[in-house]
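In this text, all values refer to a predicted model and were calculated from it rather than measured experimentally. What's counted below: heavy atoms across the whole structure, side chains too, no hydrogens, waters or symmetry copies.
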Number of protein chains: 2
Amino acid sequence: MKVALLLFPGVTALDAIGPYEVLARVPGWQVEFVAAEAGPVPTDTGITSITAGTSIDEFRDPDVLLVPGGQGTREAMEDAGLLKWVGEVSGTARWTTSVCTGALVLAAAGLLEGRRATTHWLYLERLREFGAEPVAERVVTDGKIVTAAGVSAGIDMALRFVGETESRGVAEAIQLGIEYDPQPPFGSGSPDGASPDTVELVTAIAALRDDWLATRREGP
Amino acid sequence: MKVALLLFPGVTALDAIGPYEVLARVPGWQVEFVAAEAGPVPTDTGITSITAGTSIDEFRDPDVLLVPGGQGTREAMEDAGLLKWVGEVSGTARWTTSVCTGALVLAAAGLLEGRRATTHWLYLERLREFGAEPVAERVVTDGKIVTAAGVSAGIDMALRFVGETESRGVAEAIQLGIEYDPQPPFGSGSPDGASPDTVELVTAIAALRDDWLATRREGP
């Protein structure tokens, strides 16, 4: 299986690195980070970069495309060249997958129309703008499109994906290899489990950030 | 809080990126990837790099040191300059933390003698060689030293750490922000939960890899 993990400036690192750590461990799979240009791609925090080994022009015909999320999806959703590439690659790939707001990039490329899909809980309703049906589940599969919820959900998606497309035995071994026996300290990992105050706080911070990002892009 | 996340060639990406994604979201905390030299540091799979913003010589007096694991810890454990730096930084830091086999680097720097600690389940007993007491728990705190189990355990450790050193409210909000509501598809994330066959397979593969790495380093 040939897997392309897309990077773009402003990507959320864990969206990409979570699935990478699972998929890169499948014997025989070829996993590559790809971006507009090969080289380090800055993440959303601005304090680190993840290196793409190959440009999207050079990495042809992956069997699997994975699009992570992050605040950089805003630019990605308006990048006609990138969306064209996503659409073309998805047309020939066996599977098209996303983590977090990577689903909005798939949506902007026209790939989620009429499909059930998920994304980060904060942006779930936005999927409707693109004709998709939002589903508040950790991982949603509709035909050849697999979408995962926010950030950390990419680990669950990747393990499930390996279990279904390679073998359950390999997926179980990888889960043990990365000692994925999660023990989250709080029950606040979903809007249903978190307190109303926590949901309100995270929603307010995201709104401020989104407004700020929109202003910065529009310019003075 | 000033946090230094150490990188070295052959680091396991998720060991570092899991905690990074939590710690970098704490308002007011300064989080930096550091390495022997600033710039991209290749991970253990050889297919990507994570960029260190600063060299270890330039990033002075962190409050928190985090040492991730990966097969590159073998070289790190024999790098006298690096171990000296780890020891010095740990001496003045408020907290010294590790993920996965990063604990073996702390041990090689002499920091775990007489302490309770954990690491990746495959290497847990090795802690005894350094006078530490192995503890098969997800996160182990002994004084100012906090160690986490394999790879994905760094996320749990970081959330718990933020809850204890900053505030529970901030930690809960970050857990919601990264939608950390894990739903692992299998129960194989720990040697207790995995089938004996899976444990045997992962142990055998690790032994082969370790032998190969040892041979490669010794040369012909």
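- When heavy atoms are compared at a cutoff of 4.5 Å, A:Val31 approaches chain B by way of both its backbone and its side chain.
- Minimum heavy-atom separation, A:Gly18 to B:Leu14: CA-CD1, 4.3 Å.
- Contact count against chain B (heavy-atom pairs under 4.5 Å) is highest for A:Gly177 among A:Ala24, A:Pro40, A:Gly177, A:Gly53.
- Counting all heavy atoms, side chain and backbone alike, B:Glu172 lies closest to A:Ser188 at O-OG, 2.9 Å.
- Ranked by heavy-atom pairs under 4.5 Å with chain B, the first of A:Gly39, A:Gly163, A:Ser49 is A:Ser49.
- Annotation: A:Arg209, atom CZ; neighbour count of heavy atoms from other residues, nucleotides and ligands within 6.0 Å is above 12.
- Note on A:Gly187, A:Gly150, A:Ala149: by heavy-atom pairs under 4.5 Å with chain B, the leading option is A:Gly150.
- A:Asp156 and B:Gln183 get closest at one heavy-atom pair: OD2-N, 2.9 Å.
- Using a 4.5 Å cut-off between heavy atoms, A:Pro191 touches chain B through backbone and side chain atoms alike.
- Nearest heavy-atom pair across B:Ser152 and A:Tyr180 is OG-CA, 3.2 Å.
- Although no hydrogens or angles enter the test, the distance criterion places a donor-acceptor pair under 3.5 Å between the side chain of B:Thr48 and the main chain of A:Thr51.
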If you look only at distance, which donor and acceptor atoms sit under 3.5 Å apart when one is on a side chain in residues 194-206 of chain B and the other is two or more places apart or in another chain?
from	atom 1	to	atom 2	distance (Å)
B:Ser195	OG	B:Thr198	N	3.1
B:Ser195	OG	B:Thr198	OG1	2.8
B:Thr203	OG1	B:Val199	O	2.6

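- Across all their heavy atoms, A:Thr43 and B:Tyr20 have their closest contact at OG1-OH, 3.1 Å.
- Between the side chain of A:Ser190 and the backbone N or O of B:Asp181 there is no donor-acceptor pair closer than 3.5 Å.
- The minimum heavy-atom distance between B:Arg25 and A:Val151, with the atom names listed, is NH2-CG2, 4.4 Å.
- Under the 4.5 Å side-chain criterion, counting only non-hydrogen atoms from C-beta, B:Glu179 is not in contact with A:Cys100.
- Counting heavy-atom pairs closer than 4.5 Å to chain A, the top residue among B:Pro184, B:Ala52, B:Ala173, B:Gly193 is B:Pro184.
- Most heavy-atom pairs under 4.5 Å with chain B, from the set A:Ala171, A:Ala153, A:Pro42: that is A:Ala171.
- Most heavy-atom pairs under 4.5 Å with chain A, from the set B:Leu122, B:Ile47, B:Thr45, B:Ile178: that is B:Ile178.
- Ranked by heavy-atom pairs under 4.5 Å with chain A, the list B:Ile50, B:Thr54, B:Val139, B:Ile155 is led by B:Ile50.
- Looking at A:Glu21, only its side chain comes within 4.5 Å of chain B, counting heavy atoms on both sides.
- Contact of A:Asp192 with chain B is not made at all, since no heavy-atom distance falls under 4.5 Å.
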| task | Kindly determine whether B:Leu176 and A:Trp121 satisfy side chain to side chain contact (heavy atoms under 4.5 Å, CB included), including the steps that lead there. | result | CA-CA 9 Å; B:Leu176 180 58; A:Trp121 62 272; 3.4 Å; yes

